[in-house]
Amino acid sequence: MKSVLVSLSALVGLAQVVYGQQSVWGQCGGIGYSGSTVCVSGACCTFQNAYYSQCLPGSCNPSGTQTTTRVSTTMATTTSRPGTSSTTTPNNPGSTSLSPGCGKGATLTSGTKSMTVNGKTRQYILRVPNNYDQNKPYRLIFGLHWLSGTMTDVATGQTVQRDVWSYYGLQQLAGESAIFVAPQGLNNGWANSGGEDITFIDQILSTVEAGLCVNQKLRFATGFSYGGAMSYSIACTRASVFRAVAVLSGGLLSGCSGGNDPIAYLGIHGIQDSVLNISGGRTLRDRFVRNNGCNSMSPAEPSQGSLTHIKTEYTGCRSGYPVTWIAFDAGHIAAPRDGSTGDSGSTFSSRETWSFFSQFT
């Protein structure tokens with residue numbers, strides 16, 4: 001079987017070179033994309049979202065769309081862009097949207113994965129629940145690393161308290177109820193040049209959801225520092241695809257394409273942050289205070305030297321689009337804890353992030 005797969009891969013690559021066709025799983029369309037829009041034989045260029053179409057295995061029907069179907073709790077729908085119909089909109093309360101991988105044997109397992117995105121080899125670590133059930137739609141949570149951090153740092157939590165801090169402490173709190181992804185940024189950062197990191201996230205979504213059962217209403221992203229900036233960029237660009245984000249001491253570093261749509265938003269920031277000043281964190285927050293229709297407020301923040309944190313939940317927000325702000329008395333750290341200025345595996349940020357994400361069902 002291995003030799004057959006290798007031969008198939010070689011033939012696909014040759015076809016792409018000779019005929020200008022895109023290989024299976026390759027990008028074939030989207031805003032800003034300039035490559036081939038024709039897939040090799042046996043694959044169909046399938047719309048994922050405005051920024052990403054992908055060559056997926058299967059045949060095209062006469063309209064040029066893939067004939068694969070997926071099951072919804074309300075009806076069966078054809079494979080289409082995330083979040084565009086009443087049954088697939090992640091932010092549509094009361095509906096469940098099942099990914100194409102639901103009801104099928106898992107084709108992905110935990111571990112490091114590689115893919116090609118815009119000609120560059122990209123990697124991510126996937127963590128599948130030990131008791132994975134192909135008929136159960138799971139939450140999907142992205143953990144994005146900080147500048148000079150790695151996907152391994154996020155997946156193992158080894159920089160703060162190994163295992164306890166895995167995926168910013170969310171893996172332990174989630175138990176076996178969520179699928180986790182830790183992508184690796186280029187040059188250990190998230191510059192998102194030309195939107196390439198957003199495209200990377202799109203392609204991970206497509207691949208993971210084709211192989212595993214995901215509730216497409218319940219996609220989340222979080223990260224610290226540069227990872228927080230990338231989570232914010234996801235909030236701006238993919239508000240209709242992700243249910244909520246948690247931005248930990250982030251800034252405007254990865255761009256904000258769009259940024260006009262509502263998404264549930266949690267911001268956590270230190271008042272003594274000398275790397276990414278809290279004023280920038282407030283600015284990020286206020287965009288979604290406006291987008292979500294919340295009442296304008298000036299949240300209380302702890303005094304310097306108090307070593308405490310203050311949590312504010314905005315009022316008046318549109319149903320399903322809460323905004324929460326937590327300010328703490330410390331600097332640029334990922335795992336704040338009351339009574340301390342350093343990182344700790346017992347941080348309140350993990351508990352608050354999980355509480356914020358898990359309110360959505």
Tell me whether [X] contacts the main-chain N or O of [Y] through its side chain, where contact means a donor paired with an acceptor under 3.5 Å.
X: Asn192; Y: Ser254; result: yes
X: Gln184; Y: Gln123; result: no
X: Asn291; Y: Gly259; result: yes
X: Arg219; Y: Val241; result: yes
X: Asp261; Y: Ala239; result: no
X: Glu352; Y: Ser349; result: no
X: Thr324; Y: Leu266; result: no
X: Thr207; Y: Ile204; result: no
X: Ser340; Y: Gly342; result: yes
X: Ser110; Y: Val128; result: yes

Open item on the list: So that I can confirm a possible disulfide, could you see if the SG-SG distance for Cys213 and Cys102 falls below 2.5 Å?
Closed with: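 Bridged: Cys213 to Cys102.
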TODO: Answer yes or no: is the gap between the SG atoms of Cys294 and Cys317 smaller than 2.5 Å?
DONE: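 Yes, Cys294 links to Cys317 through a disulfide.
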TODO: Only counting residues at least two apart or in another chain, list the ones meeting ring-ring contact (aromatic ring centres under 6.0 Å, His included) with His145.
DONE: Trp190
Out of curiosity, [X] [atom1] to [Y] [atom2], how far, rounded to the nearest 0.5 Å?
X: Ile271; Y: Ile278; atom1: CD1; atom2: CD1; result: 7.0 Å
X: Glu209; Y: Leu98; atom1: CD; atom2: CG; result: 10.5 Å
X: Ile333; Y: Thr341; atom1: CD1; atom2: OG1; result: 7.0 Å
X: Leu170; Y: Arg127; atom1: CG; atom2: CZ; result: 12.5 Å
X: Asn295; Y: Met297; atom1: CG; atom2: CE; result: 8.0 Å
X: Lys120; Y: Phe200; atom1: NZ; atom2: CZ; result: 12.0 Å

Open item on the list: Can you confirm whether Asn187 is buried at CG, in the sense that more than 12 heavy atoms of other residues, nucleotides or ligands lie under 6.0 Å from that atom?
Closed with: no
Decide whether [X] and [Y] are clustered together by the hydrophobic rule: side chain heavy atoms of Ile, Leu, Val, Met, Phe, Trp, Tyr closer than 4.5 Å, transitively.
X: Tyr132; Y: Leu140; answer: yes
X: Val247; Y: Leu147; answer: yes
X: Phe348; Y: Ile310; answer: no
X: Phe360; Y: Leu173; answer: yes
X: Ile234; Y: Met115; answer: yes

Could you tell me if the side chain of [Y] sits less than 4.5 Å from the side chain of [X], heavy atoms only?
X: Leu126; Y: Leu212; value: yes
X: Leu205; Y: Val214; value: no
X: Ser350; Y: Gln172; value: no
X: Pro299; Y: Arg285; value: yes
X: Val154; Y: Tyr168; value: yes
X: Val117; Y: Glu196; value: no
X: Tyr167; Y: Ile125; value: yes
X: Thr222; Y: Phe357; value: yes

TODO: Could you list all the disulfide (SG to SG under 2.5 Å) pairs where at least one residue sits in residues 247-278, not counting sequence neighbours?
DONE: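 Applying disulfide (SG to SG under 2.5 Å) to every pair that reaches into residues 247-278, excluding sequence neighbours, yields Cys236-Cys256.
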Of all heavy-atom pairs between [X] and [Y], which one has the smallest distance, and what is that distance?
X: Trp165; Y: Ala334; result: CH2-O, 3.6 Å
X: Ala264; Y: Gly320; result: CB-O, 4.3 Å
X: Ile263; Y: Ala235; result: CG2-CB, 3.9 Å
X: Pro302; Y: Ala327; result: CD-O, 3.4 Å
X: Ala221; Y: Ser231; result: C-OG, 3.9 Å
X: Ala335; Y: Thr347; result: C-OG1, 3.4 Å

Open item on the list: With ring pair (Phe, Tyr, Trp, His ring centres under 6.0 Å) as the criterion, how do Phe356 and Phe220 come out once you've worked through the C-alpha distance, each side chain's angles and the decisive distance to 0.1 Å?
Closed with: CA-CA 10 Å; Phe356 191 77; Phe220 306 92; 8.7 Å; no
Determine whether the side chains of [X] and [Y] contain a donor N or O and an acceptor N or O closer than 3.5 Å.
X: Gln304; Y: Asp329; result: no
X: Glu301; Y: Trp325; result: yes
X: His332; Y: Ser274; result: no

Task: Residues Met230, Ile198; criterion side-chain contact (heavy atoms from CB on, under 4.5 Å); working and verdict - done: CA-CA 9 Å; Met230 188 60 200; Ile198 291 291; 3.6 Å; yes
Task: Where at least one partner belongs to residues 281-300, residue pairs that pass ring-ring contact (aromatic ring centres under 6.0 Å, His included), sequence neighbours excluded - done: Tyr232-Phe288, Tyr265-Phe288
Task: Carboxylate-amine/guanidinium proximity below 4.0 Å for Asp197 and Arg122 - done: yes
- [ ] Indicate, with yes or no, if the rings of Phe242 and Phe142 have centres closer together than 6.0 Å.
- [x]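 Aromatic pair counts; centres sit under 6.0 Å.
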Open item on the list: Centre-to-centre under 6.0 Å for Phe328 and His269, is that the case here?
Closed with: no
Open item on the list: salt bridge (Lys or Arg N to Asp or Glu O under 4.0 Å) for Glu176 and Lys136? Distances and angles first, verdict last.
Closed with: CA-CA 12 Å; Glu176 302 297 331; Lys136 174 183 176 180; over 6 Å; no
Task: Stepwise side-chain contact (heavy atoms from CB on, under 4.5 Å) check, Asp202 with Arg238 - done: CA-CA 9 Å; Asp202 288 341; Arg238 297 292 183 266; 2.8 Å; yes
Task: Evaluation steps, side-chain contact (heavy atoms from CB on, under 4.5 Å), between Lys113 and Val208 - done: CA-CA 10 Å; Lys113 314 296 178 184; Val208 170; over 6 Å; no
Open item on the list: side-chain contact (heavy atoms from CB on, under 4.5 Å) for Ile141 and Leu218? Distances and angles first, verdict last.
Closed with: CA-CA 8 Å; Ile141 301 176; Leu218 302 178; over 6 Å; no
Task: Geometric cation-pi criterion Arg243 and Tyr321, 6.0 Å radius, 45° cone - done: yes
